[in-house]
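Here the structure comes first, spelled out in structure tokens, and everything after it is commentary.
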Amino acid sequence: LFARREGGTHILRIEDTDVERSREELSQQVLSAMDWLGVPYDEGPYFQSKRYDLYRAAAQRLLAEGKAYRAFETPEELDAERKKAEAQGRAYRYSGAGRQIDPGESERRARAGDRHVIRLAMPAETIVVDDLIRGRVEFPADALDDFVLVRSDGHPLYHFSAVVDDADMKISHVIRGDDHLANTPKHVALFRALGAPIPKFAHLGMILGTDRKKLSKRHGAAAVEEWRDQGILPEALVNFLALLGWAPGDNREVLTREEMEREFSLDRVGASPSVFDPEKLLWMNAQHMARMPAEELLARSEPYATSGMPPKDAALKAIELHRTRARTPIEMGRALSTYARDPESYDPDGMKKQVKPETAALLEKLMARYETTSPWAVEALEPALRQVAEESGVSASKLIHPTRLALTGTTVGAPLFDVAALLGKETALRRLRKFVEVIRTQTGS
RNA sequence: GGCCCCAUCGUCUAACGGUUAGGACACGGCUCUUUCAAGGCCGGAGCGCGGGUUCGAUUCCCGCUGGGGCCA
């Protein structure tokens with residue numbers, strides 16, 4: 001939203017340098033989730049796993065300029081140091097021993113195949129991060145030690161590859177989760193060491209689960225797909241997510257992509273974390289369905305009409321009948337199918353409560369009347385039924401409820417006469433006839 | 001453990017020193033009604049605590065508490 005609003009370039013970069021956690025299919029999952037969400041990018045995707053030369057060159061340059069150095073401690077040695085610090089009740093920091101090694105000596109040992117990591121020589125000064133959302137944040141020098149840029153197996157670490165790429169791609173704004181704020185002084189120091197301009201930073205509050213635990217990045221892409229599979233519309237999900245932390249300020253909540261792109265501003269983004277409420281997401285989904293053109297809603301629901309679709313003109317009418325009753329295209333698809341296939345069973349509670357001894361006879365009277373009712377439309381169907389009820393000395397509801405059960409198999413749904421009209425005379429009468437048969441068999445009358 | 005961030009109804013949020021603290025989800029009631037929804041109306045529900053600053057603090061500062069994160 002920020003890139004769109006500012007007329008910037010949104011670049012997609014896949015950070016897949018962690019060999020254990022990065023697998024091809026996970027990258028594909030991210031890509032397809034972005035695609036489904038309709039989040040466009042202007043450039044990329046770039047894969048860090050294909051940019052190792054760049055990181056290697058940057059590491060060599062920092063080494064040559066004395067801004068980074070090799071450190072030869074073994075994991076065991078470091079572990080011992082850590083334990084010692086712990087025993088003494090001190091906070092552990094890397095000793096910085098590698099800084100003392102003469103560059104020529106360092107070079108020789110590296111060539112001889114001594115295992116080593118490459119660390120950044122952190123400046124001994126407070127690092128200030130100017131955050132667009134949080135303001136000025138200071139990190140005292142003694143809180144940061146010389147962190148590792150390149151592991152002993154030659155793999156660049158996240159902080160290093162990310163900054164090298166940000167510099168290379170001339171990233172102007174880094175907008176990311178709050179969890180990275182504490183890493184930012186490292187990044188600032190790295191940008192400086194690289195001689196690159198420091199981008200603007202904006203750290204967003206994190207999104208928490210209902211259990212108040214963080215919604216993990218690793219589960220992120222999978223979750224997007226789960227929402228999709230549950231019938232959440234991408235525009236509803238994007239709208240909902242945008243509103244976690246940002247608000248246009250005038251009480252509007254249901255927004256189109258265009259509105260958000262036009263109005264988004266970091267000034268109006270809050271710093272506090274927010275809990276993801278699936279209930280409200282569902283409401284948001286229904287709101288977007290309510291506003292969607294019928295044709296579009298039909299197209300999105302059709303895949304879920306797994307037991308048949310009515311003809312298109314009927315389907316479009318059914319959409320209007322059910323759009324306030326369905327919260328997802330999945331529910332809508334199911335509703336559409338009821339117009340194409342006769343009920344195979346009837347709601348048991350409805351059978352118990354609405355089917356009385358006289359019901360079959362009443363329905364037969366109704367069927368007889370409906371044989372001659374014309375036109376087959378709400379204006380004629382409703383008075384006809386009410387008349388039959390009156391002539392039989394029963395309330396209209398004694399006829400309405402069993403009829404709904406006969407036509408749809410359920411006790412709830414769209415207004416009965418609209419349903420009957422949409423079904424058409426032949427289908428409606430067939431369903432009534434079948435229902436009467438069923439109840440006559442059941443009651444043995 | 002060290003460092004950092006955050007703090008308004010259960011949840012998402014508005015408010016940028018003076019408001020009966022507004023809206024939304026959820027919840028309850030009423031209404032509409034052939035059912036269920038949707039819609040409309042009404043209601044319950046919040047400034048974590050303690051100090052300052054100020055004529056006046058939800059709002060600014062400090063501390064505490066609580067939650068979260070990073071590093072290890």
Side-chain angles (χ1 to χ4, degrees), chain A residues 78-79 81-83 85-94 126-127 129 131 133-135 137-145 147-148 159 177-186 203-210 212-215 239-254 267-287 289-290 320-327 331 335 347 349-350 353-354 378 381-382 385-386 389 395-405 407-408 410-420:
Chain A
L78 292 173
D79 210 45
E81 273 189 49
R82 193 171 302 126
K83 288 222 172 78
E86 221 166 276
Q88 295 176 351
R90 293 184 287 114
Y92 166 76
R93 294 185 63 225
Y94 171 64
T126 295
I127 293 184
V129 174
D131 191 274
I133 292 172
R134 273 144 232 274
V137 185
E138 292 188 13
F139 296 86
D142 59 8
L144 303 156
D145 63 3
F147 64 101
V148 176
H159 301 300
D178 197 6
D179 46 344
H180 277 300
L181 183 58
N183 291 323
T184 307
K186 296 178 184 176
H203 287 91
L204 278 2
M206 307 228 297
I207 298 173
L208 277 20
T210 319
R212 291 217 141 259
K213 299 266 192 289
K214 75 164 173 175
L215 229 43
N239 187 171
F240 177 77
L241 254 14
L243 253 31
L244 295 182
W246 175 73
D250 54 6
N251 288 340
R252 276 175 309 149
E253 298 210 278
V254 182
D267 300 339
R268 296 198 59 85
V269 172
S272 50
S274 44
V275 173
F276 189 104
D277 178 12
E279 276 294 334
K280 190 156 184 178
L281 208 212
L282 213 51
W283 168 81
M284 184 69 82
N285 210 51
Q287 292 295 314
M289 283 184 53
E320 294 309 344
L321 243 31
H322 290 272
R323 77 190 315 158
T324 62
R325 274 166 262 265
R327 300 187 107 186
E331 291 174 9
D347 181 88
D349 280 349
K353 283 183 198 150
Q354 292 163 2
V378 176
L381 292 169
E382 178 160 8
L385 179 141
R386 290 188 187 281
S395 69
S397 63
K398 288 270 188 303
L399 215 38
I400 287 172
H401 294 304
T403 304
R404 169 174 292 104
L405 206 47
L407 297 187
T408 68
T410 67
T411 58
V412 300
L416 178 65
F417 302 108
D418 289 287
V419 173

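Lettering follows sequence order; numbering is per chain, from 1.
Within the 4.0 angstrom heavy-atom criterion, only backbone atoms of the sugar-phosphate kind lie near A:Lys186; the bases stay farther away. A:Gly270 comes within 4.0 angstrom of nothing in the nucleic acid, heavy atoms only. Within the nucleic acid shown, A:Arg327 comes within 4.0 Å of sugar-phosphate atoms alone, with no base atom in reach, counting heavy atoms only. Counting any heavy atom pair closer than 4.0 Å across all strands shown, A:Pro415 reaches a base atom. Using a 4.0 Å heavy-atom cutoff across all strands shown, A:Gly413 reaches at least one base atom of the nucleic acid. Backbone-only contact: A:Leu243 has heavy atoms under 4.0 Å from sugar-phosphate atoms and none from a base. Using a 4.0 Å heavy-atom criterion, one finds that A:Arg404 contacts the bases of the nucleic acid, with or without backbone contacts as well. At a threshold of 4.0 angstrom between heavy atoms, the contacts of A:Glu279 are confined to the sugar-phosphate backbone, with no base atom among them. Note on A:Ala271: only backbone sugar-phosphate atoms sit closer than 4.0 angstrom, heavy atoms only; bases stay farther off. Among the heavy atoms of the strands, none lies under 4.0 Å from A:Ala85. Residue contacts for A:Gln287: at a heavy-atom cut-off of 4.0 Å it reaches the sugar-phosphate backbone alone, with no base atom in range. Among the protein residues, A:Thr411 comes within range of the nucleic acid bases, having at least one heavy atom under 4.0 Å from a base atom. Among the heavy atoms of the strands lying under 4.0 Å from A:Phe139 are primed sugar atoms or P, OP1, OP2 only; no base atom is included.
With both pairing distances under 3.5 Å, B:rG43 is matched to B:rC27 as a Watson-Crick or G-U wobble pair. Checking B:rC16 for Watson-Crick or G-U wobble geometry (two distances, each under 3.5 Å) identifies no partner in any strand. Pairing for B:rC70 goes to B:rG2, judged as Watson-Crick or G-U wobble with the two contacts each under 3.5 Å. Across all strands shown, B:rC36 has no partner, as no Watson-Crick or G-U wobble contact with both distances under 3.5 Å is found. Base pairing of B:rU65 is made with B:rA7, judged by Watson-Crick or G-U wobble geometry with both donor-acceptor distances under 3.5 Å.
Counting distance only, with no hydrogens placed and no angle test, the side-chain atoms of A:Lys280 and the base atoms of B:rA26 include no donor-acceptor pair under 3.5 Å. Judged by atom type and distance alone, A:Arg325 reaches the base of B:rC36 through a side-chain donor-acceptor pair under 3.5 Å.
At whole-Å resolution of the value, CD1 in A:Ile133 and P in B:rG69 are 18 Å apart. One interatomic measurement links the two molecules: CZ of A:Arg252 to C1' of B:rC25, which rounds to 18 Å at whole-angstrom precision.
At a threshold of 4.5 Å between non-hydrogen side-chain atoms, the residues A:Leu204 and A:Trp246 do not count as touching. The shortest side-chain heavy-atom distance between A:Asp349 and A:Thr411 does not fall under the 4.5 Å cut-off. A:His203 places a side-chain heavy atom less than 4.5 Å from the side chain of A:Thr184. Using a 4.5 Å heavy-atom threshold, the side chains of A:Arg327 and A:Trp283 count as touching. Between A:Leu244 and A:Leu241, the closest side-chain pair of non-hydrogen atoms falls below 4.5 Å. Side-chain contact check for A:Arg325 versus A:Val412: every heavy-atom pair is 4.5 Å or farther apart.
Which of B:rC70, B:rG23, B:rC4 sits closest to the side chain of A:Ala182 comes down to B:rC70. Here the side chain of A:Glu253 is nearest to one of B:rU11, B:rG22, B:rA24, namely B:rA24. Counting only heavy atoms from C-beta on, A:Val412 has its side chain closest to B:rU35 among B:rA37, B:rU34, B:rU35. Distance from the side chain of A:Ala247 is smallest for B:rA14 among the nucleotides B:rC6, B:rC25, B:rA14. Across B:rG22, B:rC71, B:rC6, the shortest atom-to-atom separation from the side chain of A:Asn251 is found for B:rG22. For A:Leu181, taking side-chain heavy atoms from C-beta onward, the closest of the listed nucleotides B:rC71, B:rU35, B:rC5 is B:rC5. Ranking B:rA37, B:rC4, B:rC6 by closeness to the A:Ser272 side chain, first place goes to B:rC6. Minimum atom distance to the side chain of A:Trp283 is reached by B:rA24, of the listed B:rA24, B:rU34, B:rC70.
A:Phe276 approaches A:Leu281 most closely through the heavy-atom pair CZ-CD1, 4.1 Å.
Rounded to whole Å, the P atom of B:rC16 lies 36 Å from the corresponding atom of B:rC3. Separating the P atom of B:rU20 from that of B:rG69 is a span of 40 Å, rounded to the nearest Å. Remark: the separation of the C1' atoms in B:rC64 and B:rG10 is 25 Å, to the nearest Å. Taking atom P on both B:rC47 and B:rC42, the two are 24 Å apart, rounded to the nearest angstrom. For the C1' atoms, the distance linking B:rU65 with B:rA72 amounts to 26 Å, nearest Å. Comparing B:rC41 with B:rU59, their P atoms sit 33 Å apart, to the nearest whole Å. Taking atom P on both B:rC62 and B:rA24, the two are 36 Å apart, rounded to the nearest angstrom. B:rC70 sits 24 Å from B:rG63 when the P atoms are compared, rounded to a whole Å.
Ranked by how close their nearest RNA chain B nucleotide is to the 5' end, A:Asp277 and A:Asp145 are led by A:Asp277.
Residue A:Ser274 has a polar side-chain atom (N or O) positioned under 4.0 Å from OP1 or OP2 of B:rU13. OP1 or OP2 of B:rA15 sits under 4.0 Å from a side-chain N or O of A:Arg268.
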Does the pair A:Asp178 and A:Arg134 meet the rule for a salt bridge (Lys or Arg N to Asp or Glu O under 4.0 Å), with working shown? CA-CA 10 Å; A:Asp178 197 6; A:Arg134 273 144 232 274; 3.6 Å; yes

